[in-house]
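A short worksheet on the structure shown next.
None of these values were measured; they are calculated from a predicted model. These numbers come from the heavy atoms of this one structure, side chains and all, not from hydrogens, waters or symmetry mates.
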Amino acid sequence: MEKTWADLGHVDSLKDPPLREVTLGTAVIAVSYSEGKFGAVSNFCNHAGGPLGSGKLDDDYIICPWHNWKFHRITGFGEPGFDEDRVPQFELKIENDHLYVNINPVTPRQKAPHPPHPLARPVKREDGPLRVVGISTTVMDAKNPRYSTSEKLLQVAVDHAKDLGAQTMFIRLNDLKFRACEGYYSKSAFACTWPCSITQMDETDQLAQVYEALIHWADVVIVSTPIRWGAASFAVPQDD
């Protein structure tokens, strides 16, 4: 492909900040500088299209600001162990103390095959009785439990649904181990993914069973939450 060079400016003006996003027509490029060398790769992360140029550098790797995927700032390859993923690389040259970029990438984008998460399957309601899930958000010290009126009321409701012939499920968030929401949605609406990126990245995330119940199983969802000032209702998972 024919090379199309664009002047990015004087080299001294491009060293700080060490990572930036540059738009040249239809090309959006993450330009970086570290240890005396410039790099240029596609601005769009392979995962969910996050803006690499708005991320940060970890040695010679760009960390995507959305979900922390890493790509080499010069070659575009993913970090070791994930180098089947690659974002396009752009050629650079310096003339008369100006940095030029060829806006036509010199390498293609490569996406390693990633099997879809089980939660991503189509929603299909199988034949059967009504399904009711109760979700308790009560937080308490498991070693010193207290009586929860809201959780007891939820249990009564779920048991009653079962007596009426419904299939039932009872989930206590306090019994599950999962990470707090990291607020990806506050960075961009597109950064909040389905399935949740935390669940996709962490195979031990037990919130998956809540998503499974809400999206793929239940017809009726009953949530109990204590009315109490403080942190009695489950908002942020507690550390071990």
Between Thr138 and Arg172, does a side chain to side chain donor-acceptor pair (under 3.5 Å) hold up when you go through it step by step? CA-CA 8 Å; Thr138 299; Arg172 293 181 178 85; over 6 Å; no
Heavy-atom side-chain contact between Val210 and Leu176 under 4.5 Å: yes
Atom pair CD (Glu91) and CG (Asn104), whose distance is rounded to the nearest 0.5 Å: 10.5 Å
For Asp12, is there an ion pair with Lys15 - N to carboxylate O distance below 4.0 angstrom? yes
Under the ring pair (Phe, Tyr, Trp, His ring centres under 6.0 Å) rule, collect the residues that match up with Tyr184, sequence neighbours excluded. His67
Atom CD1 in Ile63, atom OG in Ser54: separation rounded to 0.5 Å? 14.0 Å
If you measure from the Lys or Arg side-chain nitrogens to the Asp or Glu carboxylate oxygens, is any gap between Lys93 and Glu95 under 4.0 Å? yes
State which residues pass ring pair (Phe, Tyr, Trp, His ring centres under 6.0 Å) with His98; sequence neighbours excluded, sorted by chain then number. His10
Minimal heavy-atom distance between Asp219 and Arg125, with the atoms involved, is OD2-NH2, 2.6 Å
Inter- and intrachain pairs under ring pair (Phe, Tyr, Trp, His ring centres under 6.0 Å), touching residues 78-97, at least two apart: none
Can you give me the closest heavy-atom contact between Asn102 and Glu2, atom names plus distance? OD1-O, 4.5 Å
Taking atom NZ of Lys152 and atom OH of Tyr147, what is their separation to the nearest 0.5 Å? 5.5 Å
Are any of the side-chain heavy atoms of Val87 and Asn46 separated by less than 4.5 Å? yes
Less than 4.0 Å between a side-chain N and a carboxylate O, is that true for Lys111 and Asp85? no
Non-hydrogen atoms of Asp7 and Leu99 that approach each other most closely: OD1-O, 3.5 Å
Between Leu119 and Trp217, is there shared hydrophobic-cluster membership here, with clusters defined by ILVMFWY side-chain heavy atoms closer than 4.5 Å? yes
Going hydrophobic residue to hydrophobic residue with side-chain gaps under 4.5 angstrom, can you get from Ile198 over to Ile215? no
When rounded to the nearest 0.5 angstrom, what distance separates CZ in Phe38 from OH in Tyr100? 13.5 Å
Would you say Phe170 ends up clustered with Leu173 if hydrophobic residues are merged whenever their side chains have heavy atoms under 4.5 Å apart, either directly or through other cluster members? no
Is the shortest heavy-atom distance from the side chain of Lys124 to the side chain of Glu126 under 4.5 Å? yes
Give the C-alpha distance, both sets of side-chain angles, the deciding distance and a yes or no for salt bridge (charged side-chain N to carboxylate O under 4.0 Å, His left out) between Arg121 and Glu212. CA-CA 11 Å; Arg121 69 187 187 277; Glu212 180 72 33; 2.4 Å; yes
Show the nearest heavy-atom pair for residues Leu154 and Ser136, with the distance to one decimal. CD2-N, 3.6 Å
State the CD-SG distance between Glu182 and Cys192, to the nearest 0.5 angstrom. 11.5 Å
Distance (rounded to the nearest 0.5 Å) between Arg179 CZ and Met201 CE: 5.5 Å
Side-chain heavy atoms nearer than 4.5 Å, only ILVMFWY residues, links allowed to pass through others: does that put Leu130 and Val221 together? no
Take Phe77 and His72 through the ring pair (Phe, Tyr, Trp, His ring centres under 6.0 Å) test and state the conclusion after the steps. CA-CA 5 Å; Phe77 281 111; His72 196 277; 8.4 Å; no
Could you pull out all residues at least two apart from His114 that satisfy ring pair (Phe, Tyr, Trp, His ring centres under 6.0 Å)? Trp69
According to the side-chain hydrogen bond (donor to acceptor under 3.5 Å, both in side chains) rule, which pairs have a member within residues 185-195, sequence neighbours left out? none
The complete set of side-chain hydrogen bond (donor to acceptor under 3.5 Å, both in side chains) pairs with one or both residues in residues 28-41, sequence neighbours excluded, reads Ser32-Arg73
Going only through I, L, V, M, F, W and Y residues with side-chain contacts under 4.5 Å, is there a path from Val156 to Val158? no
More than 12 heavy atoms of other groups within 6.0 Å of Glu21 CD: yes
Can you see which heavy atom on Leu24 is nearest to which on Ile29, and at what distance? CD1-CD1, 4.2 Å
Taking every non-hydrogen atom, the tightest pair across Ser42 and Arg109: OG-NH2, 2.8 Å
